[in-house]
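This report concerns only the one structure given below.
Values below: all heavy atoms of this structure, side chains included; hydrogens, waters and symmetry mates excluded. Just so you know, residue 1 is the first one in the sequence shown, and it goes up from there. The shown structure was predicted, so the numbers you read here are calculated from the model rather than taken from an experiment.
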Amino acid sequence: MTMRAIEPSTGREVPDQGVSEHGVAGHEVPGPGIPGLGVPGLGVPEFEVSGHLGTGQEGTGHGQRAAGVAAAAVAVPPPGCVLSADGSYGARLAREGDSLFPERWTLDGPEPYAVPLRAGRSEEPGAEVQPMGDGRVLVRRPVDGRHAFSLLYPTGPGTGEVPLGAVVCPDGGTRLRLLPPAPCGRRAYAVAVGPRSTALWLVAGGAFGPERVAEIPGRCSGGVWLDRAGRMLSLDRETGGRTKAVVVDLERGGEVSPLLEITEESDDRVLLADPDSGLLLIRSDAPSPGRGRLGWGVLGSTLPVRFPACLRLPDCAVTPFAVQPGQALTPEGCAVALRVDGPLGSWVGVWRPAQRRMHHLPAPEGWLAGTGLWTAGGVLRLPCATPAMPCGVAVLNPPGLNPPGLERQSERGRGEDRREGPPEGRKDSPEKPELPYPEGESMTPAAPATRRPVPLREAPLGGL
């Protein structure tokens with residue numbers, strides 16, 4: 001795979017030094033878990049198979065068969081909007097007639113509002129946008145194997161633009177795409193996936209335009225940040241007909257180490273991670289070869305990966321898109337929002353590892369499907385756009401998220417003088433809506449929570 005960076009000011013090509021197709025800059029590091037942090041692997045699977053996470057063995061997976069039967073049966077379009085890591089800004093490609101233009105959403109104020117960023121041109125299909133932490137919007141414009149990057153920002157009635165340079169991929173088999181927003185908000189990364197290796201690029205936030213950070217043997221998909229500093233990046237790497245999640249350490253020159261390996265023959269992907277609690281949402285076909293299933297584990301735990309039956313919906317694709325933050329040391333208490341796509345359309349699922357059921361909620365009108373974020377208090381915010389309200393946020397208080405003990409403890413923390421009424425008379429969530437998908441049996445009541453963090457091995461997980 002041959003790629004070149006182009007300086008934004010001079011337009012000249014910048015050769016790469018010390019990086020080859022075999023990954024000199026992104027070399028393999030033996031050993032379990034995440035290098036430099038002393039974090040062990042996730043442990044052995046719950047079902048009866050051999051193998052575990054973070055063994056240090058070289059293993060990766062198959063990119064074509066791991067999506068699972070449900071995902072293959074239902075085509076899932078990409079999310080309708082991209083949110084910054086802290087949820088302050090969003091960005092999307094909006095359409096006006098036949099014209100596509102970037103649009104920035106400001107979400108951290110009293111009311112959300114959108115600003116069009118028309119840079120005197122219509123964006124081409126295949127362009128990508130991503131919000132930065134300072135409110136600027138990164139845009140990637142692909143043209144004939146050349147990917148140009150710019151930062152857009154509003155300037156009164158117009159739009160300002162800062163060209164960052166370009167990455168040239170002369171190989172027709174190389175695909176370049178942006179990774180999810182970095183947690184720091186100051187940098188942005190992209191991966192260029194070639195026939196035999198994947199190049200990781202810093203495309204915004206560098207000193208002199210796009211910079212190649214590492215080259216990783218194998219074809220990589222996915223992309224999940226594992227920490228708040230933006231150092232540890234999980235990628236799903238395909239080599240030898242199998243896909244396994246690996247960790248790339250950006251502060252060690254792109255060192256690569258295994259993260260998720262349930263069995264040698266399984267395809268194991270990381271879909272979502274919460275740095276506060278260590279909760280990982282994964283998809284693997286280990287419990288049912290050839291049929292990808294949603295599961296969860298905890299970064300650094302030696303306990304088994306679990307695959308709850310309630311996350312299996314016939315003829316539906318279930319994709320997690322947001323995890324409740326701020327639940328340090330209690331991953332089983334994190335609320336997870338899931339996008340469900342099926343014959344009845346798309347709707348929202350809400351689930352916690354400690355529960356044995358998924359709550360199904362109708363999607364609000366105009367929901368930019370697959371986009372949303374949780375507050376630490378358990379409120380789900382979903383960006384929406386309709387002709388009557390081009391920029392809005394639907395606020396959902398999903399029912400049954402917190403066990404009674406947690407709710408009482410939360411009320412005590414707020415103070416007695418702030419209550420508008422006794423706990424028995426309060427309504428923390430709206431009336432249960434009509435469900436587009438049956439919820440099934442009610443959950444087993446959880447034991448009252450204590451003040452100490454509940455270790456995962458003591459959590460009410462029986463039957464999951």
Side-chain angles (χ1 to χ4, degrees), residues 26 28-47 49-68 71 179-180 191 198 216-227 231-249 254-275 277-308 311 319-320 323 331 334 336 353 456:
E28 294 292 331
V29 177
I34 299 179
L37 294 184
V39 181
L42 292 180
V44 296
E46 191 170 26
F47 42 87
V49 294
S50 60
H52 57 282
L53 306 178
T55 62
Q57 299 174 353
E58 193 69 24
T60 45
H62 189 267
Q64 297 179 351
R65 71 181 183 94
L179 288 174
V191 288
T198 299
I216 306 162
R219 297 172 56 85
C220 293
S221 58
V224 175
W225 295 101
L226 301 178
D227 63 342
R231 170 184 175 180
M232 296 297 180
L233 173 67
S234 171
L235 293 172
D236 303 324
R237 183 176 65 171
E238 176 194 351
T239 59
R242 295 289 181 268
T243 298
K244 305 290 183 185
V246 297
V247 176
V248 182
D249 188 339
E255 286 182 351
V256 180
S257 62
L259 174 65
L260 181 61
E261 181 172 342
I262 299 181
T263 71
E264 292 184 358
E265 299 299 321
S266 60
D267 290 334
D268 310 314
R269 290 174 163 83
V270 172
L271 305 181
L272 204 60
D274 175 51
S277 64
L279 178 66
L280 294 183
L281 279 299
I282 71 168
R283 191 185 302 277
S284 174
D285 64 353
S288 53
R291 304 169 67 92
R293 288 183 56 179
L294 277 180
W296 69 279
V298 180
L299 196 65
S301 172
T302 59
L303 294 178
V305 173
R306 290 167 168 82
F307 295 89
L311 299 183
T319 308
V323 179
C334 291
V336 179
L456 184 59

Checklist entry - So do the side chains of S284 and V305 get within less than 4.5 Å of each other, counting heavy atoms only? => result no
Checklist entry - How many angstroms lie between CD in E265 and CG in D267, if you round to the nearest 0.5 Å? => result 9.5 Å
Checklist entry - Is a side-chain N or O of R237 found less than 3.5 angstrom from the main chain of V246, in a donor-acceptor match? => result no
Checklist entry - With no hydrogens and no angle check, is any side-chain donor or acceptor of D268 less than 3.5 Å from a backbone partner on I262? => result yes
Checklist entry - For the atom pair CD (E238) and OG1 (T198), what is the distance rounded to the nearest 0.5 Å? => result 9.5 Å
Next on the checklist: How long is the straight-line distance from NZ of K244 back to CG of L259, given to the nearest 0.5 Å?
Outcome noted: 11.5 Å
Item to check | Intermediate values then yes/no, side-chain contact (heavy atoms from CB on, under 4.5 Å), I282 and W296 | outcome: CA-CA 6 Å; I282 71 168; W296 69 279; over 6 Å; no
Next on the checklist: Tell me every residue that passes side chain to side chain donor-acceptor pair (under 3.5 Å) with D274, counting only those two or more places apart in sequence or in another chain.
Outcome noted: S277
Checklist entry - Out of curiosity, E255 CD to D249 CG, how far, rounded to the nearest 0.5 Å? => result 6.0 Å
Checklist entry - Are C220 and V191 close enough that some pair of their side-chain heavy atoms sits under 4.5 Å apart? => result no
Checklist outcome for this item: side chain to side chain contact (heavy atoms under 4.5 Å, CB included) filter on P320, not counting sequence neighbours, yields L271, L272, L281, L294, V336, L338
Next on the checklist: Using only atom types and a distance under 3.5 Å, with no angle test, would you say the side chain of R293 pairs donor to acceptor with the backbone of R291?
Outcome noted: no
Checklist entry - Is a donor on one side and an acceptor on the other found under 3.5 Å between the side chain of D227 and the backbone of P275? => result no
